[in-house]
Amino acid sequence: MLYFIILLESILILFWMDIEYDTSETQNTTMIINSQSYSTRKYNALDIVGNDILIFDKITDKEKLAIWLNSPLSKEMLTYSPNIQIMEDFFNDRVEDNGRFKNSFINYMREAHDEYVGTLITKEEFDEKISTPTSFLISSY
């Protein structure tokens with residue numbers, strides 16, 4: 001009877017882990033940006049401590065921005081707003097980039113934060129500027 005309970009608990013734990021962490025990969029999450037489709041699984045990975053990270057390799061900066069903006073990581077980063085140091089650390093730790101996108105976006109965040117500190121924009125406007133970076137698109141491309 002004891003072995004049956006242990007087996008049953010193990011099955012329940014494995015089932016919970018499958019649901020919580022989607023280990024069976026049953027869902028196909030897709031992002032739609034400007035009528036293009038980007039699979040989130042293609043760019044997602046886990047770091048050594050189990051955090052989700054985005055790996056941008058051999059794609060354009062415009063595609064990187066589209067993937068970032070539709071990633072749950074971008075929303076998670078905004079929970080640290082307006083603390084720019086934590087936001088930068090989060091972005092540096094969770095985005096792997098082989099191009100100029102990472103540095104350009106961090107500079108964009110710093111500029112938006114400078115506007116916030118200078119009371120040119122409110123915290124809500126700062127969050128909006130980071131979550132929908134239209135001026136970043138214009139200045140970077």
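Just so you know, these numbers use all the heavy atoms, side chains as well, and skip hydrogens, waters and symmetry mates.
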- Item | Derivation and outcome, side chain to side chain contact (heavy atoms under 4.5 Å, CB included), residues Met109 and Met77 | CA-CA 11 Å; Met109 287 193 314; Met77 184 184 73; 3.5 Å; yes
- Message: Distance check, rounded to the nearest 0.5 Å: Leu73 atom CG versus Asn51 atom CG?
- Response: 9.0 Å
- In Å, rounded to the nearest 0.5 Å, how long is the span from CD of Glu115 to CZ of Phe126? 10.0 Å
- Message: Once you measure the plane-to-plane angle for Phe101 and Phe91, does it fall in the parallel (<30°), tilted (30-60°) or perpendicular (>60°) bin?
- Response: tilted
- Message: Would you compute the distance between atom NE2 of His113 and atom NZ of Lys129 and round it to the nearest 0.5 angstrom?
- Response: 12.5 Å
- Write down the atom of Ser74, the atom of Leu69, and the distance for their closest heavy-atom approach. OG-O, 3.3 Å
- Task: Give the C-alpha distance, both sets of side-chain angles, the deciding distance and a yes or no for side chain to side chain contact (heavy atoms under 4.5 Å, CB included) between Ser71 and Leu54.
- Result: CA-CA 9 Å; Ser71 165; Leu54 291 174; 3.8 Å; yes
- Message: Restricting to non-hydrogen atoms, name the atom on Asp97 and the atom on Lys102 that form the minimum distance, rounded to 0.1 Å.
- Response: OD2-N, 2.9 Å
- Item | Smallest separation among heavy atoms of Lys123 and Pro82, with atom names | CE-CD, 3.7 Å
- Query: Closest heavy-atom contact between Ala112 and Ile121?
  - Reply: O-CD1, 3.6 Å
- Item | Glu125 (side chain) donor-acceptor with Thr122 (main chain) under 3.5 angstrom | yes
- Trace of the side chain to side chain contact (heavy atoms under 4.5 Å, CB included) decision for Val117 with Ile84: CA-CA 10 Å; Val117 171; Ile84 192 66; over 6 Å; no
- What residues form a ring pair (Phe, Tyr, Trp, His ring centres under 6.0 Å) with Phe90, not counting sequence neighbours? Tyr80
- CG on Asp61 to CZ on Arg100, rounded to 0.5 Å: 4.5 Å
- Query: Can you name the side-chain contact (heavy atoms from CB on, under 4.5 Å) partners of Asn107, sequence neighbours left out?
  - Reply: Arg110
- Task: Write down the atom of Asp52, the atom of Arg94, and the distance for their closest heavy-atom approach.
- Result: O-NE, 2.8 Å
- Query: What closest approach, in Å, do Asn70 and Ala66 show between heavy atoms, and which atom pair accounts for it?
  - Reply: ND2-O, 3.0 Å
- Query: Can you tell if the side chain of Phe105 reaches within under 4.5 Å of the side chain of Pro133, non-hydrogen atoms only?
  - Reply: yes
- Query: Do you reckon Leu120 sits in the same ILVMFWY cluster as Tyr108, going by side-chain contacts under 4.5 Å, direct or chained?
  - Reply: no
